[in-house]
Amino acid sequence: MTGAVRHILILGGTTEARRLAAELAADPALRVTSSLAGRVAEPRLPEGQVRVGGFGGPEGLARWLREQQVDALIDATHPFAGTISFNAAQAAADVHVPLLAVRRPGWVAGPGDDWHPVGSLAEAADTLPLLGERAFLTTGRMGLAAFAHLEGMWFLIRSVDAPGPPMPARTEVLLDRGPFTVEGERELLRRHRIDVLVTKDSGAAATSAKLVAAREAGIPVVVVRRPPVPHGVPEVAGVAEAVEWLRRTPGPC
C-alpha cells in the first residue's frame with residue numbers, strides 16, 4: 001500500500017469491522033473512516049475516524065463517497081443489515097468505488113442439533129407454537145412486532161438496548177451483550193424453563209454458546225437464514241482476506 005494516502009470507508013458495527021479498522025489504521029498510507037448506524041446507545045468504537053448515522057439512502061452514500069474522496073468501500077456490517085448492503089452496492093457502482101463485503105461464516109448444524117431453518121422473522125413466529133411455549137428470543141430488539149400476536153407464548157427477550165413496542169405481551173427482557181458462555185446459557189435456559197430458542201444465523205463464536213446449550217438440553221432452535229450479499233459484490237470471510245483484497249485493489253495515482 002504505497003503512493004498517495006487512500007481513504008477507506010468501513011461500514012461497521014461488528015467485531016470484524018473493529019478488527020479491520022485497527023489493522024488498517026496502523027498503516028500511515030491509509031485514512032480509515034468507520035460508519036456506524038447509531039442503533040446501539042453505547043457502541044464499541046473502532047480505531048480511526050468514526051461517523052454515526054445513516055447516509056440518506058444510496059444517493060446520499062454515493063454523494064458522501066464522492067465528497068470525501070473514498071478510494072475503497074468495505075461493507076463489514078452485520079449479516080442481517082441487508083438495506084445498507086444493497087445501498088452500498090448501488091452507491092459503489094454509481095461512483096465507481098471498489099466494494100468488498102466481509103461476512104463471517106454462518107453456523108452449521110451438528111449431531112444432536114434440532115434446527116428449524118426459516119426465511120424470515122414472520123416465518124419464525126409461525127413456527128414457534130409448533131415447537132414450544134416458552135421461547136428464548138435472541139434476534140435483537142428490532143422486528144419484535146413479528147411475535148406480538150403470539151399471546152399464548154412466553155418470551156425471554158435478550159438485547160443490548162431496551163426494546164420498544166410492539167412486542168409480545170408475556171415478556172421478560174434481559175439486557176446483555178456477548179460474548180456468552182455455555183455455562184451461562186445453560187443456566188439461563190434452565191432458570192427460565194425455555195423449551196424453544198429463536199436466533200438469526202449471525203455466525204461467530206461470541207453468541208454461539210446458546211446453540212451448544214440448546215443441543216445439550218434437547219431444545220429445538222428456530223434459525224432465521226441470513227440474506228444474500230448483493231449480486232456481483234466480492235465476499236470474504238474475515239479480516240485477513242479483506243486486507244489482502246485491499247492490497248490488490250488499485251489506489252489513487
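Everything numeric in this text was worked out from a predicted model, so none of it was measured.
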Show, in sequence, the C-alpha distance, side-chain angles and deciding distance for Asp27 and Val32, and conclude whether the side chain to side chain contact (heavy atoms under 4.5 Å, CB included) test is met.
CA-CA 9 Å; Asp27 188 336; Val32 180; over 6 Å; no
Can you list the steps and then say if Leu197 with Thr138 is a side chain to side chain contact (heavy atoms under 4.5 Å, CB included)?
CA-CA 8 Å; Leu197 168 66; Thr138 64; 4.0 Å; yes
Audit row: Asp113, Leu211, side chain to side chain contact (heavy atoms under 4.5 Å, CB included) steps and yes/no:
CA-CA 8 Å; Asp113 284 323; Leu211 302 175; 5.5 Å; no
For Thr15 and Arg18, run side chain to side chain contact (heavy atoms under 4.5 Å, CB included): C-alpha distance rounded to whole Å, both residues' side-chain angles, the deciding distance at 0.1 Å, then the answer.
CA-CA 5 Å; Thr15 300; Arg18 289 190 295 274; 3.2 Å; yes
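Salt-bridge check for Glu187 with Arg190: passed, with a basic side-chain N closer than 4.0 Å to an acidic carboxylate O. The pair Arg103-Asp75 meets the salt-bridge criterion, with a side-chain N (NZ, NE, NH1 or NH2) lying under 4.0 Å from an Asp/Glu carboxylate O.
Contact check for Leu188 versus Arg158: side-chain heavy atoms found under the 4.5 Å cut-off. Looking at Glu216 and Glu185, their side chains never come closer than 4.5 Å, going by heavy atoms from C-beta outward. Leu24 has its side chain within reach of Ile10: a pair of non-hydrogen atoms, C-beta onward, lies under 4.5 Å apart. Inter-residue side-chain proximity for Asp201 and Pro79 is flagged as unmet; no heavy-atom pair is nearer than 4.5 Å. In this structure, Met153 and Pro168 have side chains that are not in contact, with every pair of non-hydrogen atoms separated by 4.5 Å or more. At a threshold of 4.5 Å between non-hydrogen side-chain atoms, the residues Leu137 and Leu144 count as touching. Using a 4.5 Å heavy-atom cutoff, the side chains of His116 and Val196 are not in contact. Looking at heavy atoms from C-beta onward, Val70 lies out of side-chain contact with Val95 at the 4.5 angstrom threshold.
Both cation-pi conditions hold for Arg51 and Trp64: the charged atom is under 6.0 angstrom from the six-membered ring centre and inside a 45 degree cone around its axis.
With hydrogens and angles disregarded, a donor-acceptor distance shorter than 3.5 Å links the side chain of Thr14 to the backbone of Ala76. In terms of modelled atom types and a separation under 3.5 Å, the side chain of Arg215 and the main chain of Gly110 share no donor-acceptor contact. Of the possible donor and acceptor atoms, none in the side chain of Arg141 sits under 3.5 Å from a partner among the backbone N and O of Val160. Without hydrogens or angle criteria, His78 side chain to Phe80 main chain gives a donor-acceptor distance under 3.5 Å. Although no hydrogens or angles enter the test, the distance criterion places no donor-acceptor pair under 3.5 Å between the side chain of Gln90 and the main chain of Asn87. A side-chain donor-acceptor contact under 3.5 Å links Arg170 to the backbone of Gly152.
In this structure, Glu123 CD and Leu128 CG are separated by 11.5 Å, a value rounded to the nearest 0.5 Å. Here the CD atom belonging to Glu244 is positioned 5.0 Å from the CZ atom belonging to Arg248, to the nearest 0.5 angstrom. The structure places CH2 of Trp154 at 8.0 Å from CZ of Arg193, a figure rounded to the nearest 0.5 Å. To the nearest 0.5 Å, the span separating NE2 on His7 from CG on Asp71 amounts to 8.5 Å.
Closest approach of Ala81 to Ser85, counting heavy atoms only: O-OG, 3.3 Å.
Other residues, nucleotides and ligands contribute more than 12 heavy atoms inside 6.0 Å of the CD atom of Glu241. In Glu133, the CD atom is not crowded: 12 or fewer heavy atoms of neighbouring residues, nucleotides or ligands sit closer than 6.0 Å. Annotation for Arg226: atom CZ counts as buried by contact number, over 12 foreign heavy atoms lying within 6.0 Å.
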